[in-house]
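Okay, structure first, notes after.
Both backbone and side-chain heavy atoms feed into the values below; hydrogens, waters and symmetry mates do not.
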Amino acid sequence: MTSLDKPAAHDAATGGEPPADGDAPGDGPGAQDTGSHDVTKAAMLDAFGGARGMVETTVPGLVFVLSYTINRDIHVSAIAALSLSALMAVLRLLGKGTLKHAFGGVFGVAFGAVFAMMSGDAKNFYLPGMLYTLGLAVAYLVTAAAGVPLLGIVLGPLFRENMSWRTRNPGRKKAYTKASYAWGLVLLAKSAITFPIYLWGDATQLGWLRVALGIPPFLLCVYLTWIFLAKAPAPIDVFAEMEAQEERERAAEAAAEADSAR
């Protein structure tokens with residue numbers, strides 16, 4: 001176990017007494033006082049970019065398909081989508097947003113725009129995003145099956161538990177596993193719908209389908225994750241545990257120095 005998921009030194013604080021029978025992981029000194037109810041839908045949305053992130057990932061694709069439907073010009077449509085994405089990234093930076101959220105969407109749109117213009121096929125504007133969605137679905141499913149669910153790795157730092165759920169909080173590990181399976185299956189279903197249209201449909205059909213399947217699956221996954229985590233034990237605050245341990249060590253050192261001075 002790492003220093004971030006090992007048990008806290010309870011003996012010094014409890015006189016060597018074990019936890020009472022029935023105490024669930026996350027109910028001890030390192031647990032968050034307010035429990036599982038701290039896990040809210042708002043926090044889950046913020047973890048994945050929030051409402052603004054949904055707009056930033058959806059609007060450029062909408063602009064591309066709307067422009068292409070009207071003028072059938074790949075270059076004009078791609079440049080319009082990329083320009084809008086870059087503008088939103090700049091606005092996020094000016095609003096002191098994170099670099100990850102600011103530039104993540106820009107890179108995706110840029111790849112799609114360049115690929116579409118180079119290939120001369122408007123459908124390729126959406127291919128990088130489709131491949132990313134498929135890869136993410138596989139990652140969620142594989143890591144969940146391997147017992148190290150990706151969602152736990154992503155959300156652990158958000159809830160100040162890091163990777164403690166792997167060894168000390170089996171209830172949360174189960175919740176993260178279920179949520180990762182949910183994300184994987186939903187994204188896999190999304191891929192199963194969009195790839196046939198990419199292969200056999202036209203660019204406008206694919207574009208409008210991608211817009212329609214942008215936000216609803218995401219909200220479904222966030223809602224399911226919230227449901228699973230709200231029913232799980234509270235996260236163990238490993239940062240609070242480490243701070244408490246350091247405070248005990250400082251107190252012990254001070255006591256030792258005081259004894260030696262007598």
Side-chain angles (χ1 to χ4, degrees), residues 1-14 17-50 53-54 98 100-101 135-189 217-248:
M1 289 185 284
T2 68
S3 61
L4 295 183
D5 63 355
K6 64 183 180 181
H10 293 297
D11 291 349
T14 63
E17 292 296 324
D21 291 341
D23 281 353
D27 290 339
Q32 293 185 357
D33 293 336
T34 51
S36 297
H37 294 293
D38 282 343
V39 184
T40 64
K41 281 177 274 191
M44 296 300 305
L45 281 172
D46 288 340
F48 294 100
M54 288 188 290
T98 62
K100 179 186 73 173
H101 290 141
L136 195 58
V138 172
Y140 275 122
L141 295 175
V142 170
T143 56
V148 191
L150 179 60
L151 210 59
I153 299 173
V154 173
L155 295 181
L158 174 70
F159 297 116
R160 297 174 59 87
E161 61 182 331
N162 283 355
M163 298 291 287
S164 63
W165 50 266
R166 291 184 61 230
T167 55
R168 300 175 56 194
N169 207 337
R172 284 189 74 80
K173 179 179 180 179
K174 185 177 181 180
Y176 281 134
T177 300
K178 289 181 178 179
S180 292
Y181 273 125
W183 277 85
L185 292 174
V186 169
L187 295 181
L188 198 62
F218 172 80
L219 292 178
L220 174 61
C221 289
V222 170
Y223 177 73
L224 291 175
T225 301
W226 175 70
I227 290 294
F228 292 137
L229 291 182
K231 295 180 179 179
I236 299 171
D237 191 336
V238 296
F239 295 99
E241 286 186 341
M242 288 189 291
E243 291 169 359
Q245 179 65 21
E246 291 174 357
E247 183 64 28
R248 287 193 293 268

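Scored by the side chain to side chain contact (heavy atoms under 4.5 Å, CB included) test, Ala182 finds Leu224, Phe228 as partners (sequence neighbours excluded).
The distance from the CG atom of Leu229 to the OH atom of Tyr176 is 5.5 Å, given to the nearest 0.5 Å. The distance from the CG atom of Leu187 to the CG atom of Leu141 is 8.5 Å, given to the nearest 0.5 Å. One finds the CH2 atom of Trp183 at 14.5 Å from the CG atom of Leu188 (value rounded to the nearest 0.5 Å).
Checked by atom type and distance alone, the side chain of Arg172 pairs as donor or acceptor with a backbone atom of Pro233 at under 3.5 Å. Looking only at distances, a side-chain donor or acceptor of Asp237 sits under 3.5 Å from a matching main-chain atom of Phe239.
The minimum heavy-atom distance linking Lys173 with Arg166 is given by the pair CD-O, 3.9 Å. Listed here is the closest heavy atom pair of Ala175 and Ala232: CB-CB, 3.7 Å. Residue Pro235 comes nearest to Asn169 through the heavy atom pair CA-ND2, 4.2 Å, listed as atom of the first residue, atom of the second, then distance. For the pair Tyr140 and Thr143, the tightest heavy-atom approach, listed with the atom from each and the gap, is O-OG1, 3.2 Å.
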N/O donor-acceptor pairs under 3.5 Å from side chains in residues 147-159, not counting sequence neighbours:
none

